[in-house]
There are 2 protein chains.
Amino acid sequence: MSTLSLAEENYLKAIYHLSASSKKQVSTNAIAERLTTKPASVSDMIRKLSEKKVITYVKYQGVNITDEGKKYALNVIRKHRLWEVFLVDKLKFNWDEVHEIAEQLEHIHSPLLISRLDEFLDFPKFDPHGDPIPNEDGVISTRPRMVLSGLSSGTSCLLVSMKDTGVVFLNYLDKIGLKIGTKLKITEVYEFDGSMEVEADQENSMTISKQVADNLLVVSE
Amino acid sequence: MSTLSLAEENYLKAIYHLSASSKKQVSTNAIAERLTTKPASVSDMIRKLSEKKVITYVKYQGVNITDEGKKYALNVIRKHRLWEVFLVDKLKFNWDEVHEIAEQLEHIHSPLLISRLDEFLDFPKFDPHGDPIPNEDGVISTRPRMVLSGLSSGTSCLLVSMKDTGVVFLNYLDKIGLKIGTKLKITEVYEFDGSMEVEADQENSMTISKQVADNLLVVSE
DNA sequence: ATATACTTTTAGATTAGCCTAAAAAATGTA
DNA sequence: TACATTTTTTAGGCTAATCTAAAAGTATAT
Ligand SMILES: [Mn+2]
Ligand SMILES: [Mn+2]
Ligand SMILES: [Mn+2]
Ligand SMILES: [Mn+2]
């Protein structure tokens, strides 16, 4: 597979993500919406991408990504997530500030750069949002996300994402000291209202309501 | 000044470098040669750049960069050189492997990224080739390069560049343990043939011929 | 001073990536 | 099944960045 332009890479990545989440063909409109372009532009581009064999496509029937295309997309995703780790771990960005910059950095072409970066970051397996980083062959470690409120007492886990991303909720989390990457241990679950006692980063204990726990996504440690 | 496209940034940088080295107007052909494009393309682009006020230009009379343009070009150069430091200092690239990658990285837009990177690298003043890194305001520390053979006994300096960049010479330097960044101290100069005794990195002493010293560019420590 | 050579600009084309408007196909509904 | 709605494609146009070929301007050299 030859090398794709920046625009082609972004389309392919969008198609990859859409087909990962829905399993059936990806529609023109879905791609257009995700990339905030017009369906007419998408029609043009998918013709080009199917000529390059990274997707297959039957008119009016939507798009499927090929194995080649998947591999290419996963490489872009790998770069995006490695750069996000770099920005957070090394340059002290917050996890919510890095996406736009990684959108640019993911298009830098240099396999050697990426393998050196991977090494420099100590071969991270997950990005700052808890998403897995594909390896050079496009293989991803799976680590299913769970809702905190579904877990039972004694469980240890890592906070990787929030369902509610509104500013009110995020401010509240900030205030009580919870953020992406915080290690949590459930020490008690109260049956009557579903609230729970958790220990954050092996340090401070706190009580959180069921409503809060419903919005915290974690992975097992 | 608004933001320029990748192509515009590359043209402006080329014009900056050409005007820095020649002092008079920059010719269409010189720009075309530096960027390996055609003069016709350059004519198009300089019209656009002068509309954006980063250069001034009179038909058939060549191009001058404006203060605004200089500031913009210096910012791109700043990014290029900071990324080169990153690649060498942190990712363990050799100084001769980093230019092409920095050509891509220099176009990433994010002032915050660059100030964080600068801090992460400990505010370097020079890139791995010994070229100065402009600060945020475009101010560059000057540190004139000298030919090693022109210096006298007792002088300490830093090897920043070679005049002869042929593979034979570079291999020879590799063999005797001299490379960009090596600290040199001249301990003896032999009048009769201009050869000299130098101490490299405060460790091993060696004798180098005048012919070799003629090709080594250094800056004072 | 004039012919020749070189440099620079213009004219016209091409490709990538996007758009709007309209046509065509697919889907949903009565 | 037939009509209406939605989705998708096509047609045609625009801008950025490039090119080739030709015209126009500048410099050089006898
Ligand atoms: Mn991201
Ligand atoms: Mn992107
Ligand atoms: Mn460089
Ligand atoms: Mn560049």
Side-chain angles (χ1 to χ4, degrees), chain A residues 1-15 18-19 21-65 69 72-73 76 103-104 106-107 109, chain B residues 1-15 18-19 22 24-65 69 72-73 76 103-104 106-107 109:
Chain A
M1 166 186 13
S2 64
T3 132
L4 304 182
S5 72
L6 190 149
E8 288 170 333
E9 286 187 350
N10 284 338
Y11 271 92
L12 188 60
K13 196 163 65 112
I15 292 165
L18 289 167
S19 46
S21 60
S22 87
K23 282 174 180 182
K24 38 186 188 191
Q25 286 113 318
V26 178
S27 75
T28 301
N29 271 1
I31 299 167
E33 190 175 357
R34 188 168 176 115
L35 295 174
T36 49
T37 55
K38 301 295 164 180
S41 308
V42 175
S43 278
D44 276 352
M45 184 58 98
I46 63 189
R47 196 187 27 71
K48 276 179 51 188
L49 289 176
S50 68
E51 275 161 19
K52 297 193 175 183
K53 315 277 190 198
V54 292
I55 60 175
T56 57
Y57 149 74
V58 180
K59 261 186 208 169
Y60 293 102
Q61 304 301 144
V63 163
N64 279 105
I65 191 163
Y72 199 113
V76 177
E103 277 297 306
Q104 297 180 61
E106 73 186 6
H107 302 291
H109 289 295
Chain B
M1 168 184 14
S2 64
T3 130
L4 305 182
S5 71
L6 189 149
E8 288 171 333
E9 286 187 350
N10 283 339
Y11 271 92
L12 188 60
K13 196 163 66 113
I15 292 165
L18 289 167
S19 47
S22 88
K24 41 187 185 190
Q25 286 114 317
V26 178
S27 75
T28 300
N29 271 1
I31 299 167
E33 190 176 358
R34 190 170 175 115
L35 295 175
T36 48
T37 54
K38 301 294 165 181
S41 308
V42 175
S43 279
D44 276 352
M45 185 58 99
I46 62 191
R47 196 185 28 70
K48 277 178 50 189
L49 289 175
S50 68
E51 275 161 18
K52 297 193 174 183
K53 313 278 190 200
V54 291
I55 60 174
T56 57
Y57 149 73
V58 180
K59 260 185 210 170
Y60 294 103
Q61 303 304 142
V63 163
N64 280 103
I65 192 164
Y72 199 112
V76 178
E103 277 297 305
Q104 296 180 60
E106 73 187 6
H107 303 289
H109 289 295

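Lettering of chains follows the sequences in order, A, B, ..., and the numbering in each one begins at 1. The figures here come from the full heavy-atom set of this structure, side chains too, leaving out hydrogens, waters and symmetry mates. None of these values were measured; they are calculated from a predicted model.
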Is it the case that more than 12 heavy atoms not belonging to B:K38 sit under 6.0 Å from its NZ atom?
no

Measure the distance from [atom1] on [X] to [atom2] on [N] and round it to the nearest whole Å.
{"X": "B:E8", "N": "D:dA16", "atom1": "CD", "atom2": "C1'", "result": "9 Å"}
{"X": "B:E51", "N": "D:dT15", "atom1": "CD", "atom2": "P", "result": "13 Å"}
{"X": "B:D44", "N": "D:dC19", "atom1": "CG", "atom2": "P", "result": "10 Å"}
{"X": "A:Q25", "N": "C:dA26", "atom1": "CD", "atom2": "P", "result": "13 Å"}
{"X": "B:L6", "N": "D:dT18", "atom1": "CG", "atom2": "C1'", "result": "14 Å"}
{"X": "B:Y57", "N": "C:dT8", "atom1": "OH", "atom2": "P", "result": "10 Å"}
{"X": "A:R47", "N": "C:dT15", "atom1": "CZ", "atom2": "C1'", "result": "12 Å"}
{"X": "A:I46", "N": "D:dT10", "atom1": "CD1", "atom2": "C1'", "result": "13 Å"}

- Message: Using OP1 and OP2 only, check whether a side-chain N or O of A:K59 sits under 4.0 Å from C:dA26.
- Response: no

Checklist line | Test item: A:Y72 side-chain N/O and A:L4 main-chain N/O as donor-acceptor pair under 3.5 Å | finding: yes

Donor-acceptor check, side chain of A:T36 to backbone of A:E33, threshold 3.5 angstrom: yes or no? no

When every non-hydrogen atom of B:I65 is compared with those of B:V54, the smallest separation belongs to CG1-O, 3.5 Å

Exercise. So, for A:N64 and A:Q25, which heavy atoms are closest and what is the spacing to 0.1 Å?
Worked result: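 Answer, listing the atom of A:N64 first, then A:Q25: OD1-CG, 3.2 Å.
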
Regarding the side chain of A:Y60, the nearest nucleotide among D:dT18, D:dT26, D:dT9 is D:dT9

With the side chain defined as heavy atoms from C-beta on, B:M45 is closest, among D:dT18, C:dT10, D:dT26, to D:dT18

Query raised in the report: Any ion pair linking A:E51 and A:R47 (charged N to carboxylate O, less than 4.0 Å)?
Result: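 Looking at A:R47 and A:E51, the cut-off is met.
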
key: Interface with DNA chain D, restricted to residues 26-42 of chain A and to heavy atoms under 4.0 Å   =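 Close to the strand are A:S27, A:T28, A:N29, A:P39, A:A40.
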
From the list A:I31, A:V63, A:N29, A:L35, side-chain contact (heavy atoms from CB on, under 4.5 Å) with A:V42 holds only for A:I31

